[in-house]
J.: 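Here it is: the structure, laid out below.
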Amino acid sequence: ITIPDTKMERRQLSHEETPTLTHKADVVLVLDGLIQTQNIGALLRSANAFGVREVWVRTDRVDHVTAKAKKVSRLGKAMMPVHFMTEVGAIASRLEEQNRLLLGVELSTDQAWLHEYQFPERPLALALGAEKEGMSPEMMDLCSQMLAVPLYGTVSSLNVATAGAIALYELARQSIE
């Protein structure tokens with residue numbers, strides 16, 4: 001990242017001028033039962049911004065990545081592959097095939113704080129639960145570790161898209177080349 005010359009006039013960068021970094025993490029994002037297209041679109045955008053390889057969506061409805069979600073994501077042709085699965089078992093099979101460690105972002109009795117967790121250098125999957133119910137018990141059982149974003153105010157949780165963006169940022173931050 002280049003520090004701007006203080007003699008230059010400060011201005012906002014265009015999309016084409018925006019610098020990008022690379023990281024060494026091999027990450028898949030797993031969305032467990034999300035239904036709000038605004039959250040799905042925001043998570044697709046965050047996934048792209050933080051270098052996620054692909055997104056797996058566990059849902060009974062395949063219409064979740066609608067034109068509205070794609071519009072919110074602002075990705076268009078740059079969208080990473082999105083795969084739909086109806087059963088947690090299908091996700092478990094994919095995890096095993098790809099030798100991925102599944103980590104969940106969810107407040108739980110055995111959580112580790114996100115900022116204290118050291119992400120291992122191996123293929124990972126990061127799971128996020130539904131807006132109201134959170135992560136399904138079946139998905140939680142697949143997770144090797146639950147991670148939580150520390151909260152300092154009076155709210156008891158964050159919006160799933162916000163928590164997901166924070167988790168993806170921390171994972172990418174720890175993996176910068």
J.: Do L43 and L107 belong together in a cluster built from hydrophobic side chains that touch within less than 4.5 Å?
T.: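 Different clusters.
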J.: When you compare the side chain of M80 with that of N48, does any pair of heavy atoms fall below 4.5 Å?
T.: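 They are in contact (side-chain heavy atoms under 4.5 Å apart), so the answer is yes.
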J.: For L128 and G164, work out which heavy atoms get closest and say how close.
T.: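 Of all heavy-atom pairs spanning L128 and G164, the closest is CD1-CA, 3.7 Å.
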J.: side-chain contact (heavy atoms from CB on, under 4.5 Å) between L103 and L101: does it pass, once the steps are laid out?
T.: CA-CA 7 Å; L103 306 169; L101 180 69; 4.0 Å; yes
J.: For the atom pair OG (S93) and CD (Q98), what is the distance rounded to the nearest 0.5 Å?
T.: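 Going from the OG atom of S93 to the CD atom of Q98 covers 11.0 Å.
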J.: Backbone N or O of Q36 within a donor-acceptor pair of the E131 side chain at under 3.5 Å?
T.: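 Yes: the side chain of E131 pairs with the backbone of Q36.
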J.: I need the Q12 CD to T18 OG1 distance, nearest 0.5 Å.
T.: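 Spacing of CD (Q12) from OG1 (T18) equals 8.5 Å.
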J.: Under a 3.5 Å cutoff, is there a donor and acceptor pairing between the side chains of E17 and S14?
T.: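 Short answer, yes.
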J.: Please write out which residues are connected to V28 in a hydrophobic cluster, directly or through intermediates, given that two of Ile, Leu, Val, Met, Phe, Trp, Tyr count as joined at side-chain heavy-atom separations below 4.5 angstrom.
T.: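 Members other than V28 - counting any ILVMFWY side chain reachable under 4.5 Å - are V30, W56, M85, V88, I91, L95, L102, M135, M139, M140, L142, M146.
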J.: V57 vs V82, test: side-chain contact (heavy atoms from CB on, under 4.5 Å). Steps then yes/no.
T.: CA-CA 7 Å; V57 182; V82 178; 3.8 Å; yes
J.: Determine the minimum heavy-atom distance between E106 and A148, stating which atoms define it.
T.: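 Closest approach of E106 to A148, heavy atoms only: O-CB, 4.3 Å.
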J.: Could you check whether any side-chain N or O of E116 sits under 3.5 Å from a backbone N or O of W113, counting only pairs where one atom can act as donor and the other as acceptor?
T.: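 No; zero donor-acceptor contacts below 3.5 Å.
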J.: Between H83 and E54 (side chain of the first, backbone of the second, donor and acceptor by atom type, cut-off under 3.5 Å), is there such a pair?
T.: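 Here the side-chain-to-backbone pair does not exist.
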J.: Considering only heavy atoms from C-beta outward, does the side chain of I176 approach that of Q174 to under 4.5 Å?
T.: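 A side-chain contact under 4.5 Å is absent here.
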J.: Is it the case that over 12 heavy atoms from other parts of the model lie below 6.0 angstrom from the CD atom of E87?
T.: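 Result for CD/E87: open.
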J.: Under the criterion side chain to side chain contact (heavy atoms under 4.5 Å, CB included), which of L171, V149, V105 is the partner of I166?
T.: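 So the option named by the test is V149.
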J.: Considering only distance and modelled atom types, tabulate donor-acceptor pairs under 3.5 Å from the side chains of residues 119-127, sequence neighbours left out.
T.:
residue, atom, partner, partner atom, Å
R122, NH2, N99, O, 2.9
R122, NH2, N99, OD1, 3.3

J.: For residues L168 and L158: do they belong to one hydrophobic cluster (side chain heavy atoms under 4.5 Å, members Ile, Leu, Val, Met, Phe, Trp, Tyr)?
T.: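 As far as the 4.5 Å side-chain criterion goes, L158 and L168 are connected within one cluster.
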J.: Would you say that more than 12 heavy atoms from the other residues, nucleotides or ligands in this model lie under 6.0 Å from the CZ of R94, or not?
T.: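 Yes, the 6.0 Å shell around CZ holds more than 12 heavy atoms from other groups.
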J.: What's the shortest heavy-atom distance between L151 and V155, and which atoms?
T.: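 Shortest heavy-atom separation between L151 and V155 comes out as CD1-O, 3.7 Å.
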J.: Could you measure the distance from the OG1 atom of T59 to the CG atom of L34? Nearest 0.5 Å is fine.
T.: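 Here the rounded value is 9.0 Å.
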J.: Test of understanding: with salt bridge (charged side-chain N to carboxylate O under 4.0 Å, His left out), list the residues that count as partners of R100, not counting sequence neighbours.
T.: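 Salt bridge (charged side-chain N to carboxylate O under 4.0 Å, His left out) check on R100 returns D26.
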J.: Could you grab the distance from atom CD of Q111 to atom SG of C143, nearest 0.5 Å is fine?
T.: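 Going from the CD atom of Q111 to the SG atom of C143 covers 13.0 Å.
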J.: Starting at CZ of F50, measure out to CG of L21 and round the result to the nearest 0.5 Å.
T.: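 Separation between the atoms: 10.5 Å.
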J.: Do D141 and S136 make a side-chain contact, defined as non-hydrogen atoms from C-beta onward lying under 4.5 Å apart?
T.: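 In short, these two side chains do not touch, never coming nearer than 4.5 Å.
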J.: Between CG of L29 and OG of S46, what distance do you get to the nearest 0.5 Å?
T.: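 If we round to the nearest 0.5 Å, L29:CG and S46:OG are 9.0 Å apart.
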